[in-house]
**Student:** 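So that we are looking at the same thing, I have put the structure below in structure tokens.
Note: hydrogens, waters and symmetry copies are ignored here, and every other heavy atom, side chains too, is used.
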2 protein chains.
Amino acid sequence: MLTIGTLSKKTGTKVQTIRYYEQIGLMPEPGRSEGGQRRYDNAQLDRLSFIRHSRQLGFSLDAIRELLDLSDHPNRPCDEADAIARRQLKQVEQRMARLKALRTELKRMVHECSGGRTADCRVLEVLRDHSECLTEHDEIGA
Amino acid sequence: MLTIGTLSKKTGTKVQTIRYYEQIGLMPEPGRSEGGQRRYDNAQLDRLSFIRHSRQLGFSLDAIRELLDLSDHPNRPCDEADAIARRQLKQVEQRMARLKALRTELKRMVHECSGGRTADCRVLEVLRDHSECLTEHDEIGA
DNA sequence: CTTGAACCTCTAGCTGCTAGAGGATTTATA
DNA sequence: TATAAATCCTCTAGCAGCTAGAGGTTCAAG
């Protein structure tokens, strides 16, 4: 029987986060001690590890919900899990492409800054005038 | 005199977002029409463009606040603006490195999935067992 | 039996918007 | 000048995915 603190340490998840996962139904309600404290077993430890690992790979909580559901039904075809992973891969690739464009632009800004007064600062100038940008970077928060 | 809708179209910013920027003090309170509607001038248009462009380059609203402040004081040294941009560049590079590791792992997962039952799904297996990962990817939400 | 660490619930906060309700104003046309 | 459509207003609440803190209880060691 594991306390929430132990689970926290074993998975590198904050205690509050574990309770949050329970609240949104991602983790099942665990058993309780006589005094009302949460007590976990190994299955729940595995589940939390799965969740955390998926989060580390960038999957959304919704995607993880689906993946967990699939994982609970061993006889279903795995196309769906595959599709979710492919979607995630695509997203990662899109984000990388975007960051690459940003990096180019930022490098250029920083590189051109000669360190005088802000009046002549290339960084600020570029920010003021989009047309100075050589690369495309048109979506916010992608 | 520009209405908020015009500003919205010219900068590609949602009307609510413009009001939000005003609320958090990023945009100044504009003048008003007799009936109480917001009316903007070109200086404010420029300011909003600056904000938007900075957002597109990934700067946080706090960073933008600093950049705007620097931009308003042409005689200050521009080290600070430079530092902010360098910080941003560093962040972008870190995120890229992280995404690269994720991509590798996701590719491997997807590649190895042979399309059978979920019981044998490599995607789910890898998620279950971190030790199967070849690359490091230890921070969440970076 | 006492102490202190870990637990409990509950509420509110973070970033950066976005959406909708319910109503007022502006503008174009008839 | 009247009216209708488009735009504007304020206010509140919601999204993801946690995180922090208040104020109080339980547990395990000594």
Side-chain angles (χ1 to χ4, degrees), chain A residues 1-27 29-40 44 48 50-68 87-88 91 95 98 138-142, chain B residues 1-27 29-40 44 48 50-68 87-88 91 95 98 138-142:
Chain A
M1 283 303 156
L2 312 163
T3 66
I4 198 169
T6 313
L7 213 62
S8 165
K9 264 167 225 148
K10 288 207 180 207
T11 61
T13 316
K14 299 233 158 120
V15 166
Q16 286 104 316
T17 305
I18 300 175
R19 290 199 278 246
Y20 168 71
Y21 287 161
E22 179 185 332
Q23 197 185 297
I24 60 167
L26 208 55
M27 286 291 287
E29 287 185 28
R32 298 276 180 153
S33 72
E34 300 224 334
Q37 301 192 350
R38 288 169 179 80
R39 292 297 123 99
Y40 296 90
Q44 282 159 326
L48 183 54
F50 185 105
I51 294 171
R52 282 275 108 182
H53 192 200
S54 305
R55 286 293 295 133
Q56 281 166 2
L57 286 166
F59 290 93
S60 72
L61 294 182
D62 265 357
I64 294 172
R65 218 183 282 273
E66 289 183 72
L67 289 166
L68 279 167
R87 235 186 291 145
Q88 179 62 20
Q91 250 188 46
R95 255 183 259 168
R98 198 176 118 63
D138 280 308
E139 281 161 72
I140 283 181
Chain B
M1 284 303 155
L2 311 163
T3 65
I4 198 169
T6 312
L7 213 63
S8 165
K9 264 167 222 148
K10 287 206 183 209
T11 61
T13 315
K14 299 234 161 122
V15 165
Q16 286 103 318
T17 305
I18 300 176
R19 290 199 279 245
Y20 170 71
Y21 287 160
E22 180 185 330
Q23 197 185 298
I24 62 168
L26 208 56
M27 285 291 287
E29 287 186 27
R32 298 276 181 155
S33 71
E34 300 224 333
Q37 300 192 353
R38 288 169 180 81
R39 293 296 125 99
Y40 296 91
Q44 284 159 326
L48 183 54
F50 185 105
I51 295 171
R52 282 275 108 184
H53 192 199
S54 305
R55 286 294 295 134
Q56 281 166 2
L57 286 167
F59 290 94
S60 72
L61 293 182
D62 265 357
I64 294 172
R65 218 184 282 273
E66 290 183 71
L67 289 167
L68 279 167
R87 235 187 291 145
Q88 179 62 19
Q91 250 188 45
R95 256 184 254 166
R98 198 177 118 63
D138 279 307
E139 282 162 70
I140 283 182

**Student:** On the nucleotide D:dC18, are OP1 or OP2 found under 4.0 Å from the side-chain N or O atoms that A:Y21 carries?
**Tutor:** yes
**Student:** Rounded to the nearest Å, what distance is computed from the CD atom of residue B:Q23 to the P atom of nucleotide C:dT18?
**Tutor:**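 Answer to the nearest Å: 14 Å.
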**Student:** Nearest to the side chain of B:R38, heavy atoms from C-beta on, is which of D:dC9, C:dC8, D:dC18?
**Tutor:**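 Output: D:dC9.
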**Student:** Where each residue is assigned the nucleotide of DNA chain C containing its nearest heavy atom, which of B:S60 and B:S33 is assigned the position nearer the 5′ end?
**Tutor:**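 Here B:S60 is the residue nearer the 5' end.
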**Student:** Could you tell me the separation between the CG atom of B:L2 and the C1' atom of C:dT26, rounded to a whole number of Å?
**Tutor:** 16 Å
**Student:** Nearest to the B:K14 side chain among D:dC9, C:dG16, C:dT18, which nucleotide is it?
**Tutor:** C:dT18
**Student:** Whole Å only: how far is the CD atom of B:Q16 from the C1' atom of D:dC9?
**Tutor:** 12 Å
**Student:** For the residue pair B:R95 / B:Q91, report whether a side-chain donor-acceptor contact shorter than 3.5 Å exists.
**Tutor:**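 The criterion, which ignores hydrogens and geometry beyond distance, is satisfied for B:R95 and B:Q91.
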**Student:** Between D:dC9, C:dC8, D:dG17, which one does the side chain of A:Y20 approach most closely?
**Tutor:**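 Closest nucleotide among those given: D:dG17.
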**Student:** Of the nucleotides C:dG16, D:dA20, D:dC8, which one has an atom closest to the side chain of B:L61?
**Tutor:**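 Per side-chain heavy atoms of B:L61, the pick is C:dG16.
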**Student:** May I have the distance from B:Q37 (atom CD) to C:dT27 (atom C1'), rounded to whole angstrom?
**Tutor:**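 After rounding, the gap between these two atoms is 10 Å.
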**Student:** Heavy atoms under 4.0 Å, any strand shown: does A:I24 hit a base, just sugar-phosphate, or nothing?
**Tutor:** nothing
**Student:** Could you check whether A:R65 gets within reach of a base, just the sugar-phosphate, or nothing at all, counting any heavy atom under 4.0 Å?
**Tutor:**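 No contact.
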**Student:** Check this one for me: any side-chain N or O of B:R19 less than 4.0 Å away from OP1 or OP2 of C:dC17?
**Tutor:** no
